[in-house]
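All values below come from the heavy atoms of this structure, side chains included, with hydrogens, waters and symmetry mates left out.
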Amino acid sequence: MSRQDRNRQQLVGRVADALRARIQAKPVAGPGRVRRRTGLDLRRRLMIVCGALGLCSLALVVRALDVQVIHNDFYLQQGQARSLRELPIPTSRGMITDRNGEPLAVSTPVESVWGNPKELLKNPARIPQLATALGVPPDVLERKLSQRSTKEFLYLKRRVSPEQARRILALDIPGVFSQREFRRFYPQGEVMAHVLGFTNVDDRGQEGLELSFDHVLAGKPGAKRVIRDGQGRIVESVDLIRAAQPGQDLTLTIDRRIQFLAHRELRNMLLKSGASSGSAVVMDVATGEVLAMVNLPSFNPNAVDMGNAEAHRNRAVTDVFEPGSTMKPITVAAALNAHLVTPDTRIDVSPGYMKLGRYTIRDHNNYGVQTVTGLITKSSNIGAAKLVARMDDQYYYDFVKNFGYGSKPGSGFPGESSGVLAPPARWSGTTKGTMSYGYGLSATPLQIARVYAALGNGGRLITPTFVKGTPPQSRQALDPAVAQDVMRMMQTVTEPGGTATQAAILGYHVAGKTGTARKFSENGGYTRRYLSFFAGVVPVKNPRFSMVVVVNDPDPSKGYFGGLVSAPVFKSVMDGALRLMDVPPDDIDTWMAAQAKAQHASELRGEDGPVLPDASAASAPLAPAAATATAGAVAAPLPAPVQGGLR
């Protein structure tokens with residue numbers, strides 16, 4: 001054995017001896033000792049566990065106290081956000097009435113059915129049943145719900161009757177509810193459509209006076225807090241946040257009866273003449289109140305589909321036309337106001353045509369020498385051009401401008417047009433001449449009615465209004481004496497020999513002026529299509545009404561002169577309006593003569609009792625040729641040479 005091996009064995013032996021000595025020195029534990037140490041360990045562990053559980057319970061109690069009592073605002077807010085809702089309280093829109101209190105626009109209660117897409121999509125088997133009740137294809141409804149699957153609100157059908165809404169809710173489909181709304185109803189339908197306008201599905205004004213006075217009519221919706229359950233149903237109303245304020249009622253200057261008359265007569269004339277459209281405006285001369293405003297074609301504001309949007313436009317306020325011969329009384333007034341002529345000044349208009357720059361203007365006939373009054377009676381284009389040639393350009397422009405041409409009338413109606421009146425700096429060599437008989441400027445029917453009301457109101461130009469009770473705003477635009485002269489001159493237009501005998505009204509003196517203007521072509525120049533006008537004031541001695549009738553594009557084969565197309569509409573409407581408003585006649589002699597003639601004819605027939613004269617007795621019947629000769633005036637600047645003439 002080597003030395004190294006002996007050393008290893010000695011080391012192992014020493015280690016073994018040390019282990020044996022340590023084992024022999026450690027005392028042996030008896031059973032009692034073991035039980036005692038085990039008992040101590042269990043008790044200590046139990047106390048530790050109980051202490052830990054007690055601390056946890058205390059922490060939970062403290063946390064609950066903090067959450068529910070001390071700092072509970074946040075969690076109350078979160079809980080209420082899931083159950084407490086703020087709902088709007090709808091309010092009715094103010095009623096619109098005519099000047100006599102007759103309702104023109106009222107709001108009726110309706111229901112709108114809505115749903116919670118999340119709830120509805122949880123019950124796909126009920127969707128076809130709901131679609132049938134709503135009257136829509138099931139696939140369309142399912143697609144809408146899928147597109148808004150993350151939302152909690154979707155209108156299913158708006159503005160239905162309460163009965164229909166109750167039938168839908170009776171199906172008890174989860175996630176389907178209804179809410180109260182209001183829908184606008186217009187008793188007069190298309191007769192008042194352009195004046196009133198209409199509202200949208202949210203009951204907000206979109207056109208007409210509904211739009212102009214939306215801030216007055218709309219009112220202010222209220223609000224309330226309610227508690228909803230998990231299905232979205234209202235469990236309890238908590239409190240009222242804000243009471244609903246109904247919209248204010250609006251009383252218009254419109255007279256429903258005159259409006260109906262104007263609509264009926266204009267419609268009949270459009271059918272008779274084959275015209276494409278027309279407008280009529282009736283104003284109170286003294287107050288500027290618009291008593292009637294009609295446009296055709298019209299639309300039904302009660303219908304879901306209100307037809308062509310083009311028909312929604314109020315042409316009497318928004319559309320501009322060259323006024324034609326209705327401009328001649330203004331030209332004559334300008335000459336009288338400048339003391340250039342008197343009503344009896346004689347002017348030679350022969351031979352019936354005249355060179356004006358590169359144009360040749362014509363009268364219907366060769367009227368020879370006429371007084372200034374005769375120029376109005378016969379509607380002479382040449383006479384008007386010769387009168388305006390005596391005036392300074394700036395004077396004539398200022399005079400026409402002072403009558404409101406080229407400016408908005410100020411009625412407040414939405415979309416109101418100012419027309420076109422170019423300043424002298426933009427005139428060509430013939431502009432002033434053509435303006436004298438109604439070309440080279442444009443105006444709306446409302447503007448023309450306003451101008452003629454000023455002639456009947458002693459020269460005071462008054463701002464038109466649609467709201468009854470509005471204080472009249474006016475200014476003096478013409479000397480009262482000149483205005484009276486022009487009124488007497490226009491009276492001859494409706495008397496025998498004038499161009500508008502069909503506008504005469506039995507028992508009343510009527511002052512007016514016809515106009516027949518060629519329509520401007522988009523390619524330049526003037527077409528063979530026409531605008532037929534009549535503007536008048538009645539009665540002459542104590543003017544009450546101003547009315548303008550515009551008939552657009554009548555069939556030339558059926559007649560297109562203003563005296564044939566527009567004047568009869570004026571006569572029919574004003575004849576009814578004068579009686580409806582109890583306006584006393586100012587031509588008793590003619591009425592008495594017609595009554596005596598009618599009574600005599602009745603006696604010859606062997607009839608007894610009083611007889612009312614026929615209204616047609618206001619003017620003698622005309623032969624066809626004579627009627628054509630006195631029908632009106634057309635005065636488009638035509639390229640020379642031109643054969644024949646137009647009035």
Side-chain angles (χ1 to χ4, degrees), residues 78 80-93 107-186 197-207 210-211 214 218 221-237 244 299-309 312:
Q78 292 298 310
Q80 290 174 353
R82 289 158 175 79
S83 62
L84 192 64
R85 293 288 189 273
E86 182 176 315
L87 298 181
I89 302 175
T91 182
S92 61
R93 195 172 176 86
S107 292
T108 57
V110 293
E111 296 286 331
S112 286
V113 180
W114 64 277
N116 185 337
K118 290 183 178 180
E119 291 293 327
L120 287 169
L121 291 173
K122 292 178 182 178
N123 301 274
R126 306 296 303 274
I127 292 178
Q129 184 182 12
L130 177 61
T132 302
L134 294 173
V136 298
D139 57 332
V140 173
L141 178 59
E142 189 170 357
R143 183 169 60 252
K144 288 183 177 180
L145 293 173
S146 299
Q147 291 173 349
R148 296 167 177 81
S149 59
T150 60
K151 306 295 183 181
E152 295 183 353
F153 184 91
L154 171 66
Y155 277 118
L156 300 176
K157 195 166 187 178
R158 298 198 67 178
R159 304 201 329 187
V160 300
S161 66
E163 293 78 11
Q164 185 178 358
R166 281 195 293 268
R167 288 196 298 269
I168 296 174
L169 295 178
L171 299 175
D172 199 23
I173 299 175
V176 178
F177 312 95
S178 72
Q179 66 182 32
R180 173 63 58 88
E181 290 186 329
F182 290 89
R183 180 179 181 178
R184 207 65 161 162
F185 176 66
Y186 303 94
F198 55 90
T199 60
N200 63 7
V201 71
D202 294 315
D203 214 22
R204 306 296 299 188
Q206 299 299 295
E207 294 283 354
E210 290 276 28
L211 173 60
D214 186 68
K224 63 179 179 180
R225 286 194 181 94
V226 299
I227 296 177
R228 291 187 183 274
D229 62 10
Q231 301 297 322
R233 295 170 296 191
I234 296 177
V235 176
E236 179 185 358
S237 293
F299 65 97
N300 184 1
N302 296 309
V304 176
D305 181 9
M306 292 183 290
N308 186 3
H312 299 172

Report task. Begin from the C-alpha positions of Arg167 and Gln164 and carry the test side chain to side chain donor-acceptor pair (under 3.5 Å) through to its verdict. Result -> CA-CA 5 Å; Arg167 288 196 298 269; Gln164 185 178 358; 5.0 Å; no

Query raised in the report: Does the ring-ring contact (aromatic ring centres under 6.0 Å, His included) test come out yes or no for Trp114 and Tyr155, once each step is laid out?
Result: CA-CA 4 Å; Trp114 64 277; Tyr155 277 118; 8.2 Å; no

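Closest approach of Ala131 and Pro138 over heavy atoms only: CB-CA, 3.6 Å. Shown here for Ser149 and Pro117, the closest heavy-atom pair between the two residues is CA-CB, 4.3 Å. Summarising the geometry of Leu120 relative to Pro174, their closest heavy-atom pair is CD2-O, 3.2 Å, with the distance given to 0.1 Å. The minimum heavy-atom distance linking Gln206 with Asn200 is given by the pair NE2-ND2, 3.2 Å. Between Gln129 and Leu171, the shortest heavy-atom contact is NE2-CD2, 3.5 Å. Across every non-hydrogen atom of Ser92 and Ser107, the tightest pair is CB-CB, 4.4 Å.
Here Thr199 contributes atom OG1 and Tyr186 contributes atom OH; the two are 4.0 Å apart, rounded to the nearest 0.5 Å. Note that the NZ atom of Lys118 and the CZ atom of Phe153 stand 14.5 Å from one another [nearest 0.5 Å]. Considering CG of Asp139 and NZ of Lys144, their distance stands at 11.0 Å, rounded to 0.5 Å.
Within 6.0 Å of NZ on Lys157 lie more than 12 heavy atoms contributed by other residues, nucleotides or ligands.
Residues Asp202 and Arg158 are paired through a salt bridge, judged by an N-O separation under 4.0 Å between the basic side chain and the carboxylate. Taking a cutoff of 4.0 Å between a charged side-chain nitrogen and a carboxylate oxygen, Asp214 and Arg93 qualify as a salt bridge.
Between Ile127 and Leu141, the closest side-chain pair of non-hydrogen atoms falls below 4.5 Å. Ile168 is listed as a side-chain neighbour of Leu134, based on a closest heavy-atom distance under 4.5 Å.
Residue Leu130 forms a side chain to side chain contact (heavy atoms under 4.5 Å, CB included) with just one option from Leu145, Val113, Leu156, Val136, and that option is Leu156. Evaluated for a side chain to side chain contact (heavy atoms under 4.5 Å, CB included) with Arg184, the options Glu210, Arg204, Arg159 yield exactly one hit, Glu210.
Between Ser112 and Glu181, the side chains place a donor N or O and an acceptor N or O closer than 3.5 Å (distance only, hydrogens not considered).
A donor-acceptor pair under 3.5 Å is absent between the side-chain atoms of Ser178 and the main chain of Ala165, judged by distance alone.
Using a 30° and 60° split on the angle between ring planes, His312 and Phe198 fall in the perpendicular class, above 60°.
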